[in-house]
Q: 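I am attaching a structure below and will ask some questions about it afterwards.
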Amino acid sequence: MTQVFLACSGDGSFQELRASGHADFAKKGHDIVCAAESFLLRTAVQVLESDGSGLVLETDAPRRGELSFRVASPGTASRERLVCVADFIRNGMQSLSDEYPGCVSFREETGFGD
C-alpha cells in the first residue's frame, strides 16, 4: 500500500508531501494505481518547479517507492497557485484512495507550519 501524506498551511497552500510504499495492485510495469500516483505527483512537482516565481522546492526520492517534496522558500509564488497544487493532489489522491482503498492510504494535515 502506498502511504501519502499532504501538509498544507491554514490557508490551504501546499507545504509538503511524502509518499512511500507500493500500490501492489498489479505486477511491476502493469500497475495502473502506481502509474496514476506517479502521474499525479510528478505533475505536481513539475507545476511547482515551472512556476517562474523563484519558488524553491526541495525534492527527495531516496529509493524506488519513496518521494517527498516541500516548499523550502515560496519566492513570489501566488497563494492561489499553491492552493491549486494542494487541491490537485488532494482530489487526485482522495479519488485513488476511494477507488482502490487497499492500495492507497491518503492523509492530510492543515495548519502545517502556521
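Nothing here was measured: the structure is a model prediction, and the numbers come from that model. Only heavy atoms go into these numbers, but all of them, side chains included; no hydrogens, no water, no symmetry mates.
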Q: Test: side chain to side chain donor-acceptor pair (under 3.5 Å). Region: residues 77-88. Which pairs qualify, not counting sequence neighbours?
A: D11-R79, D51-R81, D87-R90
Q: Taking S9's backbone N and O only, do any of them form a donor-acceptor pair with S13's side chain (distance below 3.5 Å, no angle check)?
A: no
Q: Provide the closest heavy-atom pair for L55 versus L82 in the form atom of the first, atom of the second, distance.
A: CD1-CD2, 3.7 Å
Q: If the condition is salt bridge (charged side-chain N to carboxylate O under 4.0 Å, His left out), which residues does R64 pass it with, not counting sequence neighbours?
A: none
Q: Any ring pair (Phe, Tyr, Trp, His ring centres under 6.0 Å) pairs touching residues 42-68, not counting sequence neighbours?
A: none
Q: Who are the side chain to side chain contact (heavy atoms under 4.5 Å, CB included) partners of A72, not counting sequence neighbours?
A: V56, E58, R70
Q: Between atom CG of L67 and atom CG of L17, what is the distance when rounded to the nearest 0.5 Å?
A: 6.5 Å
Q: Under the salt bridge (charged side-chain N to carboxylate O under 4.0 Å, His left out) test, which residues partner R18, sequence neighbours left out?
A: E16
Q: Any idea which heavy atoms bring E66 and P62 closest together, and the distance?
A: OE1-CG, 3.4 Å
Q: Check side chain to side chain donor-acceptor pair (under 3.5 Å) between E49 and all other residues, then give those that pass, not counting sequence neighbours.
A: none
Q: Going by the rule ring pair (Phe, Tyr, Trp, His ring centres under 6.0 Å), which residues pair with F69 if we only count those two or more places apart in sequence or in a different chain?
A: F14
Q: Quick check on the hydrophobic clustering: are L96 and M1 connected, directly or via other members, by side-chain heavy-atom contacts under 4.5 Å?
A: no
Q: Can you pull the side chain to side chain donor-acceptor pair (under 3.5 Å) pairs that have at least one residue in residues 94-104, sequence neighbours excluded?
A: Q94-D98
Q: Distance from C8 atom SG to E108 atom CD, nearest 0.5 Å?
A: 4.5 Å
Q: Can you give me every donor-acceptor pair (side chain of residues 31-45, partner residue at least two apart or in another chain, under 3.5 Å) with its distance?
A:
unit_1, atom_1, unit_2, atom_2, d
D31, OD1, V33, N, 3.0
D31, OD1, C34, N, 3.1
D31, OD2, D24, N, 3.3
D31, OD2, F25, N, 2.9
D31, OD2, A26, N, 3.4
E37, OE1, T2, OG1, 3.1
E37, OE2, T2, OG1, 3.2
S38, OG, C34, O, 3.0
T43, OG1, F39, O, 2.8

